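What you see is a predicted model, and the numbers here were worked out from it, not measured in a lab.
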Amino acid sequence: MTALVLALIAGAVVGLALGALGGGGSVLAVPALIYLLGFSPSAATTASLIIVAATSATALYAHARDGHVAWKVGSLFAAAGIIPAYLAGAAAGRVPEAVLTIAFAVIAALAAVRMFRPSSSRPPERIRPGKAAGAGAGLGAVTGFLGVGGGFLAVPALVGVLGLTMRRAVGTSLLVITVNSLAALVARTGTGGGLDWALIGPFTAAAILGAWDGKRLSTKVSGNSLQKVFAGVLLAVAVFMLIDVIA
């Protein structure tokens, strides 16, 4: 199977998950780029930010069209993550690739475990600005350092910290992901040597198309069922990455 075909398949899967779940799908982009397409961990996290930013922006449009984006609170949440995303993005290029891979695998495993469990988040009685800013900053740092959107962290934070309904949290998380990904990309400008645009382009295009299909799928299939299937795949990928680095 050629690299181009693999890029198209992987992109479609990432987009499908992102569009259906509002987050988590981008976590698969990095291991797909490393193990299927031969990118280094550093190049994979940078390429993933490109893919995530483009796909999230597209999925954001679809959710905004249906009125499922809380623009004001989402913008404030995203703004808190811009500087951490920029700083973490700049720091990631100076970290040994083995450490970067292990950190990514651990975060992916935690995301999978989090997805297996029903959300226990409850809307707060009142929004605490400091807590909201802290959650936004933490999400930005994860996005910048590991090249993932962080939707698996954003959605429960938007529900539990800002009091959004699940549907609006999913849509709003895409706004946060887009902003943080772009901030991290700015920090990595000039460090993208070795990126294979002939693969990144088709991967991104397939992810964008997949996101639209994922949005439609989310209205027809139980969100919990989709989430558990995806969590199982993600956990298996995380374990494989850890074994590969340690072995």
Side-chain angles (χ1 to χ4, degrees), residues 14-15 17-19 21-30 45-93 104 107 111 127 129-192 200 204 207-208 211-212 214-215:
V14 168
L18 186 63
L21 304 175
S26 60
V27 180
L28 283 181
V30 172
T45 53
T46 300
S48 176
L49 287 170
I50 298 169
I51 296 163
V52 168
T55 308
S56 296
T58 303
L60 172 63
Y61 170 77
H63 283 266
R65 189 180 58 180
D66 293 338
H68 297 152
V69 178
W71 291 101
K72 184 176 180 179
V73 294
S75 297
L76 293 173
F77 194 88
I82 290 176
I83 293 177
Y86 182 91
L87 295 176
F104 180 90
I107 289 293
I127 297 173
K131 189 175 181 181
L139 178 63
V142 171
T143 298
F145 190 69
L146 297 179
V148 299
F152 59 90
L153 298 173
V155 172
L158 289 167
V159 173
V161 177
L162 299 183
L164 301 183
T165 63
M166 181 60 69
R167 187 177 292 274
R168 281 172 67 79
V170 168
T172 306
S173 75
L174 293 166
L175 169 63
V176 178
I177 291 167
T178 301
V179 172
N180 287 343
S181 298
L182 290 174
L185 270 175
V186 171
R188 296 191 185 205
T189 301
T191 64
I200 294 174
T204 304
I208 289 173
W212 283 92
K215 174 68 168 53

* What are the two closest non-hydrogen atoms of Ala78 and Val176, and how far apart are they? -> CB-CA, 3.9 Å
* Asked: Where is the tightest heavy-atom contact between Pro84 and Ala137, given as atom of each residue plus distance?
  -> CB-O, 3.3 Å
* Structure fact -> Contacts of Thr45 meeting side chain to side chain donor-acceptor pair (under 3.5 Å) (sequence neighbours excluded), chain-then-number -> Arg188
* Structure fact -> side chain to side chain contact (heavy atoms under 4.5 Å, CB included) filter on Ala54, not counting sequence neighbours, yields Thr204, Ile208
* **Ile83, CD1 atom: more than 12 neighbouring heavy atoms under 6.0 Å** => no
* **Partners meeting side chain to side chain contact (heavy atoms under 4.5 Å, CB included) with Ile82 (sequence neighbours left out)** => Val179, Ala183
* Point-to-point distance, once rounded to the nearest 0.5 Å, from CG of Leu28 to CD1 of Ile51 -> 11.5 Å
* To do: Compare every heavy atom of Leu174 with every heavy atom of Leu60, then report the nearest pair and how far apart it is.
  => N-CD1, 3.8 Å
* Asked: Quick one: CD1 on Ile177 to CG on Leu49, what's the gap to the nearest 0.5 Å?
  -> 11.5 Å
* To do: Would you please name every residue forming a side chain to side chain contact (heavy atoms under 4.5 Å, CB included) with Ala64, sequence neighbours left out?
  => Val69, Trp71
* To do: Please list, chain by chain and in numerical order, all residues satisfying side chain to side chain contact (heavy atoms under 4.5 Å, CB included) with Ala47, sequence neighbours excluded.
  => Leu33, Phe39, Leu195, Ile200
* Distance-minimising heavy-atom pair for Leu164 and Ala70 -> CD2-CB, 4.0 Å
* Side chains of Phe77 and Thr172 in contact at under 4.5 Å (non-hydrogen atoms) -> no
* What pairs of residues pass the salt bridge (Lys or Arg N to Asp or Glu O under 4.0 Å) test when at least one of them lies in residues 66-82, not counting sequence neighbours? -> Asp66-Lys215
* What closest approach, in Å, do Leu182 and Ala53 show between heavy atoms, and which atom pair accounts for it? -> CD2-CB, 4.0 Å
* What pair of heavy atoms forms the shortest contact from Gly74 to Leu175, and how long is it? -> C-CD2, 3.8 Å
